[in-house]
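The structure appears below as C-alpha cells.
Hydrogens, waters and symmetry mates are skipped; everything else that's a heavy atom, side chains included, is used.
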Amino acid sequence: DAGVIQSPRHEVTEMGQEVTLRCKPISGHNSLFWYRQTMMRGLELLIYFNNNVPIDDSGMPEDRFSAKMPNASFSTLKIQPSEPRDSAVYFCASSFRYSGYTFGSGTRLTVV
Amino acid sequence: GIQVEQSPPDLILQEGANSTLRCNFSDSVNNLQWFHQNPWGQLINLFYIPSGTKQNGRLSATTVATERYSLLYISSSQTTDSGVYFCAAETGANNLFFGTGTRLTVIP
C-alpha cells in the first residue's frame, strides 16, 4: 500500500481565498482523521470520520473550516475564506481498529 | 482529555550513544503510539504499544499501562535518528492526544 496520500504538499494562497486539502486513506482503514500542527499548539485533532461519517468535529476552529468524506477512499478539508492564522501543517491520518494511526506527509499551508 | 507528558524536552547525543525517552499519561489508554517526526516534517509510526514491549531494530518500546508510562529506547544512535519523538495516547474516544515531544539531535 502507498500509505496515506495527501495533496498538495505545499499551498501558498492569499487571504480570503478558498483552500482545499485532499486525503486518500489506506485501503481498508475505516477511520480518518484531520490534524493541524503549529508551533504554538502542537498537534491537534480537527475532525475524524468513522466509516465515512463525521463523528467529532469539535476541534474545527470555526465555521470557515469544513470537511467531507464522500467515500471510503477520499476526504477533503476546506477553508473558506482563508486567513493568515490558518497557516500550519495539516495532516491526514487513517486507522483500522487497533492497528494504530498512519499519517500522511502533510500539507504545509501558508496564507499571506 | 488525557494529559500526555514527555521528557526530556530536548536531548543531544553523540553518535553511537543510547538513550531513553519517557512518556507519562494521566488515564488508562487503549492506544499508545510513538512517532518520529523527521526534519522534513513527516510523522513516522514507530510503535503501536498500549502495553508490553516491542522491538524494531535499534528501537524498542515498553508500556506499563498500570503505572501509566511508556519508554522508548534508542540504542547505538545515528544522525538519521534526529528529529522529534512524539508519544500519543487515546482513551477510547477516537482522539489521539499528543505530547509536546522530545527533540533529539544526534551529532557525529
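Annotation for A:Arg64: atom CZ counts as buried by contact number, over 12 foreign heavy atoms lying within 6.0 Å. Summarising the local packing, CD1 of B:Ile107 is surrounded by more than 12 heavy atoms from other residues, nucleotides or ligands at distances under 6.0 Å.
Residue A:Glu44 does not touch chain B at all, counting heavy-atom pairs closer than 4.5 Å.
For residues 35-44 of chain B, heavy-atom neighbours of chain A at less than 4.5 Å comprise B:Phe35, B:Gln37, B:Gly41, B:Gln42, B:Leu43, sorted by residue number.
With B:Leu104 as reference, B:Asp81 is the one residue of B:Leu21, B:Val84, B:Asp81 to meet the side-chain contact (heavy atoms from CB on, under 4.5 Å) rule.
One side chain, A:Asn50 or A:Ser31, offers a donor N or O that lies under 3.5 Å from an acceptor on the other.
Residue pairs meeting the salt bridge (charged side-chain N to carboxylate O under 4.0 Å, His left out) criterion with at least one member in residues 67-81 of chain A, sequence neighbours excluded, are A:Glu18-A:Lys78.
Under the 3.5 Å distance criterion, the side-chain polar atoms of A:Asn71 are matched with a main-chain donor or acceptor of A:Phe74.
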